[in-house]
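Only one structure is covered here, and it is reproduced in the block below.
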There are 2 protein chains.
Amino acid sequence: MKKYATLKDIAKALNISTATVSRALADRWDVSCETKKLVQEEAKRQNYRPNPMATRLQNKRTKTIGLVVPEFKSAFFPNVISGIQKVIDDAGYNLLITQSQESKEIEEKNLKLLESNMVEGILISITREGENDEYYQRLIDSGIPVVFFNRVSSKVDAPKVIIDDYRLAFFATEHLIYNGFKKIYHFEGPVNLSVSKERKRGFIDAMKKHHREVSEKIIHTAGVFSEKGYIAMQNLIAKNDLPDAIFCFNDPTALGALKAIKEAGLKCPDDVALVGFSETEIAQLVEPPLTSIEQPTFEIGVTAASLLMEQLNDCVVTPSRTVKLIAKMNIRKSSINIKK
Amino acid sequence: MKKYATLKDIAKALNISTATVSRALADRWDVSCETKKLVQEEAKRQNYRPNPMATRLQNKRTKTIGLVVPEFKSAFFPNVISGIQKVIDDAGYNLLITQSQESKEIEEKNLKLLESNMVEGILISITREGENDEYYQRLIDSGIPVVFFNRVSSKVDAPKVIIDDYRLAFFATEHLIYNGFKKIYHFEGPVNLSVSKERKRGFIDAMKKHHREVSEKIIHTAGVFSEKGYIAMQNLIAKNDLPDAIFCFNDPTALGALKAIKEAGLKCPDDVALVGFSETEIAQLVEPPLTSIEQPTFEIGVTAASLLMEQLNDCVVTPSRTVKLIAKMNIRKSSINIKK
DNA sequence: AAAATCGTCGTAAACGATTACATTAAAGCT
DNA sequence: AGCTTTAATGTAATCGTTTACGACGATTTT
């Protein structure tokens with residue numbers, strides 16, 4: 001590894017002081033044009049680059065904010081990130097992204113990494129493995145503002161951006177009820193995720209509101225990936241326990257279920273109708289197009305980043321608030337009751 | 001923003017020197033247990049955190065490597081990143097991710113950001129907008145090793161990891177030819193992307209090898225997103241210029257085309273067969289399942305990161321080499337000739 | 001002509017941590 | 001008792017910048 005040229009090297013070569021060199025490179029008024037020129041030439045000759053650590057040690061600003069997301073294989077987080085990036089860019093900040101891979105340990109490691117890069121604020125969507133609550137709190141205490149989005153800490157008091165999963169699950173379920181479907185099931189997400197609980201609660205309450213019987217046998221755990229939805233559906237088919245419609249935790253599980261339905265020679269929505277959640281690009285491409293809840297992913301990013309910027313600018317400690325964004329339901333063929 | 005506690009603060013509070021404090025916190029042998037305890041308590045009381053910039057200024061290692069990708073909305077890069085992360089983690093390094101959003105400017109900004117965080121090496125897949133060749137070179141010259149993957153610089157001499165797009169496009173085209181399809185078209189990707197050119201070249205050469213006529217009218221630009229494939233296919237349908245089969249630049253364009261085919265009341269593969277590229281999860285979920293080239297995304301990440309680690313460890317300048325990884329073709333229903 | 005101003009530049013002290021070297025006092029040795 | 005060893009701590013230089021302050025000669029002001 002080559003050694004960097006320093007201010008001192010340039011100063012020595014030109015037989016002047018490092019102060020003058022520094023000023024010349026900063027293009028200050030109190031240094032003559034000739035020496036400026038000399039310094040700039042010598043700097044170029046020696047391929048000088050200022051040592052960022054030394055600079056930061058001095059002026060203590062990094063103009064950088066950090067981001068921790070569980071993953072970005074699904075389209076959800078990438079879209080959120082676009083929103084974040086827009087705000088960050090406009091504010092002249094930089095964004096450092098890390099991925100916790102749903103691991104509590106890696107999440108903590110990433111937080112430390114961001115901290116050691118002196119980010120001025122952190123945006124985070126926590127893992128489904130658990131919460132590093134003590135660490136979040138420690139960050140906040142040490143003066144690094146934190147904003148949670150999508151997957152939020154239940155204990156730490158900080159700004160949060162979420163969508164109203166409960167209400168949307170409620171709507172989605174009512175949509176199926178109003179469409180005249182009788183036997184409605186729910187494919188549940190990972191049980192220790194708050195969004196899973198909220199969506200399930202929404203489903204149950206909607207069913208209850210319309211005096212539908214809610215038993216454990218109409219709710220099946222299907223996780224987060226398409227294979228799980230595929231298997232869950234296959235099980236139902238094997239047991240000959242076919243519902244009229246299923247409200248699925250998300251699009252991938254719905255698509256997995258759809259695959260199983262087709263393979264069994266059944267038809268959607270004729271035999272089994274489906275509703276997904278958190279709109280993916282594929283939803284419109286499959287046959288039949290999938291009804292899904294479209295979350296304002298870009299908006300989530302924008303909102304979360306804006307909340308962080310607010311905190312960074314007002315040095316005042318604003319009371320932490322939770323912003324609930326609304327989403328919309330895209331009704332497509334997969335949930336149309338053709339018998340009605 | 002609160003002020004951090006420093007070594008000096010602790011030293012002052014305990015009336016000892018900063019050296020002792022530093023040693024006590026580093027748990028050195030040459031400091032008594034009592035003072036160690038005192039220091040640790042005081043450190044906790046003052047919520048002391050070492051200033052990373054100062055530390056780095058001293059020992060000059062960050063154990064961090066940087067990554068620049070154009071985007072991660074498609075599944076491709078996230079998968080590559082998983083591979084990268086595995087190698088990086090195993091080597092005890094940290095990973096900082098940035099997104100250039102296909103913009104040459106943002107790419108340069110990101111490179112500077114990574115540089116100012118003193119990453120010890122950089123992995124990059126360049127934008128399709130152009131190449132920051134001078135800057136890549138400058139990084140390498142200043143001692144930061146760079147490894148290109150997937151989208152590589154044509155000018156800079158550095159290790160590169162790619163897949164053999166040409167050969168695989170060739171195979172995919174031959175697959176269609178051997179299956180007895182007569183009128184075979186190609187949906188081309190973004191024209192200034194090397195992968196587009198390679199895939200197109202593979203298509204053309206395969207056609208020529210089998211003495212098929214190659215004219216400009218069998219090649220249509222369809223970009224990278226599904227809408228483009230959708231529109232391109234609609235155009236063909238409108239002009240009543242239906243091919244038997246289409247080799248598409250990627251899966252999204254193929255899926256877009258598929259949608260148009262279905263909407264027109266046509267059938268795949270009966271009327272138009274399709275082959276995609278760079279396997280997405282959806283390929284298996286649609287009806288009919290889509291034939292696609294499965295790139296070893298995880299492997300690409302692993303290989304690129306390993307090449308970088310090699311350079312970091314051997315301080316020797318290894319001759320840059322280009323690693324071409326092989327991919328496989330997943331043949332599914334969308335390219336089966338049912339008339340044969 | 002003395003004083004004030006200005007343009008250039010160097011000195012030295014920061015920033016916060018680490019560490020080679022020096023120092024001190026107590027303990028161990030003959 | 002006198003000498004060496006050891007433990008524990010302090011002193012000060014260092015990493016690479018930035019910047020307040022002061023110095024100095026040259027020009028301008030009164």
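Reckoned from all heavy atoms, side chains included, excluding hydrogens, waters and symmetry mates. So that the names make sense, note that chain A is the first sequence line, chain B the second, and so on, each numbered from 1.
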Q.
Heavy atoms only, 4.0 Å cut-off, all strands: where does B/Ser22 land among base, sugar-phosphate and nothing?
A. base
Q.
For a quick test of reading the model: is some side-chain N or O of B/Lys8 closer than 4.0 Å to OP1 or OP2 of C/dC15?
A. yes
Q) Which whole-number value in Å describes the distance from A/Met118 CE to C/dC15 P? A) 14 Å
Q) When the distance from CG of B/Leu14 to C1' of D/dA8 is rounded to whole Å, what number comes out? A) 15 Å
(Q) Is A/Thr35 close enough to C/dC9 that one of its side-chain N or O atoms is under 4.0 Å from OP1 or OP2 there? (A) yes
Q. More than 12 foreign heavy atoms under 6.0 Å from NZ of B/Lys86: is that the case here?
A. no
Q: For the residue pair B/Ile65 and B/Ile122, establish whether any side-chain heavy-atom pair is separated by less than 4.5 Å.
A: no
Q. Nearest-Å distance, OH (A/Tyr48) to P (D/dG16)?
A. 10 Å
Q.
Between B/Ser100 and B/Asn110, is there a side-chain donor-acceptor contact under 3.5 Å, judged purely by atom types and distance?
A. no
Q: Give the minimum heavy-atom separation between A/Met118 and A/Thr62, together with the two atoms involved.
A: O-OG1, 2.6 Å
Q. B/Ile10 has an atom CD1; how far is it from atom P of C/dT18, in whole Å?
A. 11 Å
Q. Whole-Å distance between D/dC24 C1' and A/Ile16 CD1?
A. 17 Å
Q: Compare the minimum distances between each of C/dG10, D/dA12, C/dG16 and the side chain of B/Ala19, then state the nucleotide with the smallest one.
A: D/dA12
Q | Residue whose nearest DNA chain D nucleotide is more 5′ - B/Asn15 or A/Met53 | A | B/Asn15
(Q) Assuming nearest nucleotide by heavy-atom distance, tell me which of A/Trp29 and B/Leu57 is located more 5' along DNA chain C. (A) A/Trp29
Heteroatom pairs (N/O) under 3.5 angstrom, protein to nucleotides 21-25 of chain C:
none

Q | side-chain N/O B/Thr18 vs C/dG16 OP1/OP2, d < 4.0 Å | A | no
(Q) Any donor-acceptor pair under 3.5 Å linking the side-chain atoms of A/Tyr135 with those of A/Glu115? (A) yes
Q.
Once you measure the plane-to-plane angle for A/Phe148 and A/Tyr136, does it fall in the parallel (<30°), tilted (30-60°) or perpendicular (>60°) bin?
A. perpendicular
Q. For D/dT19, does either OP1 or OP2 sit under 4.0 Å from a side-chain N or O belonging to A/Arg28?
A. yes
Q) Can a salt bridge be assigned to the pair B/Glu42 and B/Lys37 using a cut-off of 4.0 Å between side-chain N and carboxylate O? A) no
Q: Decide yes or no, distance alone: a donor-acceptor N/O pair under 3.5 angstrom between the base of D/dT14 and the side-chain of B/Gln58.
A: yes
Q: Tell me which nucleotide among C/dT19, D/dG16, C/dT18 gets nearest to the side chain of A/Asn51.
A: D/dG16
Q) Does C/dG10 have OP1 or OP2 sitting under 4.0 Å from an N or O in the side chain of A/Ser17? A) yes
Q. Charged N to carboxylate O below 4.0 Å: is that the case for B/Arg128 and B/Glu71?
A. no
**Q.** Shortest side-chain distance from A/Thr20, nucleotide among D/dT11, C/dA17, C/dC9
**A.** C/dC9
Q | Value in whole Å for how far the P atom of D/dA12 lies from CG of B/Leu7 | A | 18 Å
